[in-house]
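Some notes on the structure that comes next.
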Amino acid sequence: MRHDDSQQFASDNYSGICPEAWAAMEAANRGHAPAYGEDVWTARAADAFRDLFETPCEVFFAFNGTAANALALAALCQSYHSVICADSAHVETDECGAPEFFSNGSKLLTVRTEGGKLTPEAIRGLAQNRSDIHFPRPRVVTITQPTETGQVYSLAELRSLSATCRELGLALHMDGSRFANACASLNCSPADMTWRSGVDVLCFGGTKNGMHAGEAVVFFDSGLAEDFGYRCKQAGQLASKMRFLAAPWVGMLESGAWLRNAAHGNACARRFSEAVAGLPGVRALFPVEANAVFLTMPAATMEGLRARGWRFYTFIGGGARFMFAWDARAERVDELVGDLRALAAAAA
């Protein structure tokens with residue numbers, strides 16, 4: 001297969017490691033350090049999260065988002081419980097049954113949504129639909145921030161959801177694989193978007209934010225974190241050289257790169273969406289609120305983009321999805337705009 005390192009916008013997973021994360025890993029690579037999280041880098045990273053969230057939260061590090069989400073949900077559920085989520089939620093569509101597997105069978109109850117956002121009414125309707133012993137008892141609501149369609153829950157929406165969860169005795173979990181992008185979009189503090197809005201557990205994504213790997217599971221209620229370290233070990237998520245999962249977080253959080261990276265990705269998404277707005281046959285499927293742009297266009301236009309070397313996915317809504325990472329280059333964004341304009345004009 002021919003190697004092509006041209007920058008693509010199919011996924012923010014395509015990007016490399018940002019300088020701040022890379023420098024922290026290089027620094028952690030000097031000399032020896034205790035294993036399994038007993039090192040100064042892991043302690044420093046956990047403290048950085050406590051500073052960021054302005055609260056004494058419990059922090060654990062996992063290799064990837066699937067493990068982080070699945071183990072977090074398993075910590076909130078018994079096997080006879082259920083988890084309410086949007087029908088497009090990553091835990092439902094893209095985690096190969098991991099939440100059910102690690103919870104020993106907790107059922108996912110999906111709500112049909114237009115853009116991936118849950119509402120208090122939808123949660124209440126599903127949670128109160130049945131209360132008999134033959135049905136798995138609802139125990140958790142999980143939301144994605146931003147959603148899989150790139151839309152962001154406002155703080156008011158989050159507080160409304162959490163109030164409904166409290167009323168119904170449900171825990172609230174946030175899948176934050178692009179949590180930084182949501183913070184940049186709303187220009188709010190991480191604390192305001194999580195525990196101050198009633199979120200119990202957050203999975204904070206590092207991979208899409210500029211790291212090589214690594215997600216942080218943040219418990220704002222320490223009681224919910226009981227024995228979570230054992231879950232991580234049992235699931236193969238306890239890194240022996242934990243400092244290499246933790247150190248990049250030190251570089252990202254202490255330098256502020258986590259937020260700068262996200263703001264840049266968001267800005268590039270806006271640049272792209274504004275530049276292609278109004279092109280014949282091209283229409284935005286969802287509002288552009290973070291670093292994702294979804295466009296519907298004729299099949300011939302999509303094939304034309306692929307023929308010119310562009311990669312993108314169409315697994316949500318049938319439109320072309322473009323994701324803009326921490327390292328998106330303005331000139332490369334403009335190249336994509338130019339090709340799409342030419343193809344749209346030819347199709348018209």
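Remember, predicted model here, so these are calculated numbers, not experimental data. The analysis underlying the following values was restricted to heavy atoms, covering all of them including side chains, and did not include hydrogens, waters or symmetry mates.
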Check your understanding: Do Asp334 and Arg271 pass the side chain to side chain contact (heavy atoms under 4.5 Å, CB included) test, and can you show the C-alpha distance, the side-chain angles, and the key distance before you say yes or no?
Key -> CA-CA 9 Å; Asp334 293 343; Arg271 179 189 185 101; 2.9 Å; yes
Show the nearest heavy-atom pair for residues [X] and [Y], with the distance to one decimal.
X	Y	value
Ala328	His264	O-NE2, 2.6 Å
Gly16	Asp327	N-OD2, 4.0 Å
Ala48	Leu253	CB-CD1, 3.8 Å
Ala24	Ala247	CB-O, 3.2 Å
Met302	Gly318	CE-O, 3.6 Å
Val288	Arg270	CG1-N, 4.4 Å

Main-chain N/O of [Y] paired with [X] side-chain donor or acceptor, under 3.5 Å:
X	Y	answer
Ser255	Gly251	yes
Ser82	Leu109	no
Thr144	Thr147	no
Thr149	Gly115	yes
Asn291	Phe324	yes
Arg332	Gln7	yes
Ser185	Glu289	yes
Arg159	Ser154	no
Asn266	Asn181	yes
Glu148	His90	yes

Group every Ile, Leu, Val, Met, Phe, Trp and Tyr by side-chain heavy-atom contacts under 4.5 Å, then state whether [X] and [Y] land in the same group.
X	Y	answer
Val282	Leu336	yes
Leu158	Leu172	yes
Trp41	Trp249	no
Ile143	Leu202	yes
Leu245	Val59	yes

Nearest-0.5 Å distance that lies between atom [atom1] in [X] and atom [atom2] in [Y]:
X	Y	atom1	atom2	result
Phe102	Cys77	CZ	SG	14.5 Å
Glu92	Thr142	CD	OG1	11.5 Å
Met323	Lys208	CE	NZ	8.0 Å
Leu118	Ile84	CG	CD1	8.0 Å
Leu52	Asp47	CG	CG	12.5 Å
Leu73	Leu108	CG	CG	7.5 Å

We want to know whether [X] and [Y] form a side-chain donor-acceptor pair, criterion being a heavy-atom distance below 3.5 angstrom.
X	Y	answer
Gln78	Ser106	no
Asp12	Ser15	no
Asn261	Asn209	no
Thr207	Asn13	no

Practice item. Mind telling me whether Phe53 and Phe179 have parallel, tilted or perpendicular rings, with 30° and 60° as the class edges? Key: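 Phe179 and Phe53: tilted rings.
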Exercise for review: Take the angle between the ring planes of Phe312 and Phe322 and call it parallel below 30°, perpendicular above 60°, tilted in between.
Suggested key: tilted
How about [atom1] on [X], more than 12 heavy atoms from neighbouring residues, nucleotides or ligands closer than 6.0 Å, or not?
X	atom1	answer
Arg260	CZ	yes
Phe135	CZ	yes
Arg329	CZ	yes
Asn187	CG	no

Check your understanding: Of the options Glu20, Met25, Arg243, which is the one that meets Pro248 in a side chain to side chain contact (heavy atoms under 4.5 Å, CB included)?
Key -> Met25
Check your understanding: Please walk me through it: do Glu100 and Lys107 pass salt bridge (Lys or Arg N to Asp or Glu O under 4.0 Å)?
Key -> CA-CA 6 Å; Glu100 296 93 331; Lys107 185 177 178 61; over 6 Å; no
Is any side-chain heavy atom of [X] less than 4.5 Å from a side-chain heavy atom of [Y]?
X	Y	value
Ile123	Pro120	no
Cys183	Trp258	yes
Met174	Val201	no

Identify every side-chain donor-acceptor pair in residues 218-236 under 3.5 Å, counting partners at least two apart or on other chains, and give the distances.
residue: Asp221; atom: OD1; partner: Gly223; partner atom: N; Å: 2.9
residue: Arg231; atom: NH2; partner: Ala74; partner atom: O; Å: 3.3

Point to revise | Phe9-Tyr14 aromatic ring centre distance below 6.0 Å | key: no
Review point. Is the closest basic N to carboxylate O distance between Glu303 and Arg306 below 4.0 Å?
Key: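 Here Glu303 pairs with Arg306 in a salt bridge, since their nearest N and O are under 4.0 Å apart.
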Check your understanding: Less than 4.0 Å between a side-chain N and a carboxylate O, is that true for Asp200 and Arg166?
Key ->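 Yes.
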Point to revise | Stepwise salt bridge (Lys or Arg N to Asp or Glu O under 4.0 Å) test for Glu26 and Arg30 | key: CA-CA 7 Å; Glu26 193 278 331; Arg30 300 169 193 164; 2.6 Å; yes
Exercise for review: Applying side chain to side chain contact (heavy atoms under 4.5 Å, CB included), run through Leu71 and Val217 and close with a yes or a no.
Suggested key: CA-CA 9 Å; Leu71 294 176; Val217 183; over 6 Å; no
Can you list, pair by pair, the side-chain donor-acceptor contacts under 3.5 Å of residues 60-69, counting residues two or more places apart and other chains?
residue: Asn64; atom: OD1; partner: Thr66; partner atom: N; Å: 3.4
residue: Asn64; atom: OD1; partner: Ala67; partner atom: N; Å: 2.9
residue: Asn69; atom: ND2; partner: Gly65; partner atom: O; Å: 3.3
residue: Asn69; atom: ND2; partner: Glu95; partner atom: OE2; Å: 3.0
residue: Asn69; atom: ND2; partner: Asp175; partner atom: OD2; Å: 3.1

Exercise for review: Determine, step by step, whether Arg341 and Val276 satisfy the side chain to side chain contact (heavy atoms under 4.5 Å, CB included) criterion, reporting the C-alpha distance in whole Å, the side-chain angles of both residues, the deciding distance to 0.1 Å, and the verdict.
Suggested key: CA-CA 7 Å; Arg341 280 178 175 167; Val276 301; 5.5 Å; no
Review point. Of the options Tyr313, Phe286, Phe272, which is the one that meets Phe294 in a ring pair (Phe, Tyr, Trp, His ring centres under 6.0 Å)?
Key: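 Of all the options given, the one that passes is Phe286.
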Check your understanding: Do Arg321 and Phe315 pass the side chain to side chain contact (heavy atoms under 4.5 Å, CB included) test, and can you show the C-alpha distance, the side-chain angles, and the key distance before you say yes or no?
Key -> CA-CA 8 Å; Arg321 187 194 75 167; Phe315 59 89; 3.5 Å; yes
